[in-house]
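Before I ask anything, here is the structure I am working with.
Starting from 1, each residue takes its place in the sequence as its number.
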Amino acid sequence: MFEKLYFIALAVVVVTTSVQADSCTCFVSPKGSDAAAGGIDSPFATIQFAINSVRSNQGSKQICLRGNDGIHFLKDPVQVSSNDNGTIEIPLEIIGYGPDIAQGLYPIVSGGRPYTGFQKQAGSSIATLQLPADTTPFSLLFVQQQQSKTNGWRQRARMPNTVITPTSLTTRGLDDASTFKWTTPLAPPSGTTWPDVDTTGFHYNISDPIKPTFHNLNDIQVLYFQSWTAFWANVSSINEANTTLLFEKGGSVHVGQYEKQGGRRYILENVYEGLDMPGEWYWDKTTNLLSIIPLAEEEVTSLQVIAPQITSLVEITKAENVMVSDIKFMHADVGERANTYFSFHAAIELQDAKNVKFDKVSISNCGADGISVIRSNDITIQNTSIRDMGGNGITLEEHDENVYISNNIINNTALIIYGQPGGMRLKGASNITAVHNTVGFSPYAGIKIGWQTGTDAAHSDALTNPWFYVANNLVHNYGLGILSDFGGIYLSSNDNLCFQKSPQTCYLPAHVKDNHIHSCHFYDYGCQALYMDEQVSGVLMTGNLMHDLGGAGFQFHCGTNNTAINNVVGFASQQANSALHINAEYLSLCNGGGNPTWPNISHGFSFKNNIVYIHSDNDNTTQKLTDQQDVRDTLFENNIYFAPSPKDNPIMFPNPSNYMKYSPVNFSQWQSVYGKDKGSLNTDPMFANVEKRDFTLLSSSPALKLGTKQLNVSQAGAQGNPFELSY
């Protein structure tokens, strides 16, 4: 089923990449005029005018954007509606002009407004520019040349500054060394409880330079951290007498609810008094004065900045048969970030659309999501780059159907919106396919699947009829030490009481196959590779390679009918630290955390022909298979477990006779006394070179004799993506 879909999508690539330049219906250039004829020598000036001009065409509707005439700046989002529908044979095409692309000159479509003319202030590192009266409010700023591959983000003036440490760049300056720490939540008034109150602010440390005299105090925003999210709020007031910082509006995230997991961290942004580091900027909206500290290599007199003016660049609504290709999209704003859990905007937004394809598109330096798809059908996103985004890379909603996401690079996402983000956040009603994508540098999950109402168990076969097929993806460098409790591929229902309320809604048929997941770091706990959360059920995991993880390889957080076959996990729990009570485990099992009805809950999974290689570079921490007990209704067989270091032996297993308390048993007892793991071995699986992370099985491997197959992850990730050299 999915193999057929895959080859159909490849056929689309062949057709779209063979389009000839002389087939353009009209041309668009920043140097053109909407009063012109639209030919190659007399191009239109705006994309919207070109779309309107081909609306009534019975033949070709191919709009070619020039890439050699500067940036296509937008004042409003490009609108594509049902009035602009193409047909299957003749779609509406918005594409880069072939000869320009051949020279590496992709057209750039920007939602920003450029500003130049900065003046250096005497005796100061700050340069200023008086903006025009018609300036649209903005909260992002970029400095970037037209065809540059570098990240052009500039930091809004913040407090405290990033302290340069071995990890500060990875953690985006959100680690302990580079953040303030609140001291206590606000005390509840008489007759109320703390959750009703501490969404409104906190007590700050009197030694921190927090002042009620801050310039434009009510324009300052605070980003404060919980376990699995961080939340923006506008500052209402600061009181030095009782060291309180109050928010303008209470949010949904309670200060102090997860004190340890969030570390009490917070930062302030948009603080004029914090404008003291190269690259920082501040816009005073009361005077319209923009201030910036240029980088050492930047010449003030020639410095050009781009301030986003709109939150979305392209909006495709109720349109059918549309193709967008060979274009770079940049500079959309985030919109309102305060009291926002998820992004409400995207650079490219699809709603109620059908048969829309994106091929060889780049989306970067935008404040919200890259592409959002809502109530749409037959959508293809392929050979595309989405990087340096304020929100998720790709977001689907639960009514989407027949979405194919292939060969994309999604990198450095959720720079602003931290509500449990992911490189991809996939929901859907049927046939959601994500294959051969490279996803990296997310502060939380790599690929999120589900978080929605499930389906009847009778119609939830993850092998023959999956809703989600997620295969051959490379997920790497996620978590970044910023948030806690997530997975590289993270599946969840939307209700931790789903079995109690309506069991079928826990089923989320997904086949997660041949993915390569590595290198994650948490702030306080829990960066797993494959994470089944909130009793999600009906998930099949086959042929995945997982290694160098801060947390476990698998997390079976209750649920039922989940199956793991022929996977390899090694070098997990690398952040385990017994002194900090961070447990070392490779399998995390059903437990009471987040499951209020446990142990009276659906449970059980199958674990067959997997290899668990238990080893840590941390010689001071003993590694464990698991430190939890609930293995009710589980099937273990034909697995191999191996711990090469004496300190990690003997490998200990859960005690099936006591799921309420951790009282582990050794491998012999696990098999002979409790009848678990029939055919399994505690022996060296004989990998080719684990030190170089080559998990190929040698021909003499005992795993092959058990029927375990060689992994097929050499082709995981994007292959030949046209934008891969951007990283």
Discussion item. Which label fits F49 and F44: parallel for a plane angle under 30°, tilted from 30 to 60°, or perpendicular past 60°?
Written reply: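 Ring orientation of F49 relative to F44: perpendicular.
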
Fill in: Flag side-chain contact, heavy atom, 4.5 Å: I394 against I410
yes

Discussion item. Using the rule given for side-chain hydrogen bond (donor to acceptor under 3.5 Å, both in side chains), can you reason through N355 versus K357, listing the C-alpha separation, both sets of side-chain angles and the distance that settles it, and then say yes or no?
Written reply: CA-CA 7 Å; N355 193 25; K357 299 180 176 64; 2.5 Å; yes

Practice prompt. Report the residues that fulfil side chain to side chain donor-acceptor pair (under 3.5 Å) with W283, sequence neighbours left out, ordered by chain and then residue number.
Written response: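 Side chain to side chain donor-acceptor pair (under 3.5 Å) list for W283, sorted by chain: N288.
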
Worksheet item: Regarding R337 and the six-membered ring of W232, is the cationic atom NZ or CZ under 6.0 Å from the ring centre and inside 45° of its axis?
Response: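 Flagged: R337 positioned over aromatic ring of W232.
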
Fill in: Worked verdict on L65 versus H72 for side chain to side chain contact (heavy atoms under 4.5 Å, CB included)
CA-CA 9 Å; L65 276 56; H72 297 255; 4.2 Å; yes

Item to complete: Taking all heavy atoms of A414 and all of R172, pick out the closest pair and write down the distance.
Response: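 For A414 and R172, the tightest heavy-atom pair comes out as O-NH1, 2.7 Å.
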
Donor-acceptor pairs are to be reported for all side-chain atoms of residues 342-353 against protein atoms at under 3.5 Å, with residues two or more places apart or in another chain.
from, atom 1, to, atom 2, distance (Å)
S343, OG, D369, OD1, 3.1
H345, ND1, T311, OG1, 3.3
E349, OE2, A346, N, 3.0
D352, OD1, R375, NE, 3.0
D352, OD2, R375, NH2, 3.1

Item to complete: Please name all residues satisfying side-chain contact (heavy atoms from CB on, under 4.5 Å) with A718, sequence neighbours left out, ordered by chain then number.
Response: N407, I409, T438, N721

Practice prompt. Could you tell me which residues satisfy side-chain contact (heavy atoms from CB on, under 4.5 Å) with S227, sequence neighbours excluded, listed by chain and number?
Written response: Y258, Q261, S484, D485, Y525

Practice prompt. Please assess D359 against S325 for the test side-chain hydrogen bond (donor to acceptor under 3.5 Å, both in side chains), listing each intermediate value before the final yes or no.
Written response: CA-CA 5 Å; D359 185 28; S325 66; 5.7 Å; no

Worksheet item: By side chain to side chain donor-acceptor pair (under 3.5 Å), which residues pair with T179, not counting sequence neighbours?
Response: K181

Practice prompt. May I have the step-by-step check of disulfide (SG to SG under 2.5 Å) for C64 and C26, ending in yes or no?
Written response: CA-CA 6 Å; C64 295; C26 62; over 6 Å; no

Discussion item. Quick check: do H254 and Q226 have side-chain heavy atoms less than 4.5 Å from each other?
Written reply: no

Response to the item:
Sequence neighbours excluded, the answer for side chain to side chain donor-acceptor pair (under 3.5 Å) partners of Q79 is E315

Worksheet entry | Lys/Arg cation over aromatic Y490: R425, 6.0 Å, 45° cone | no

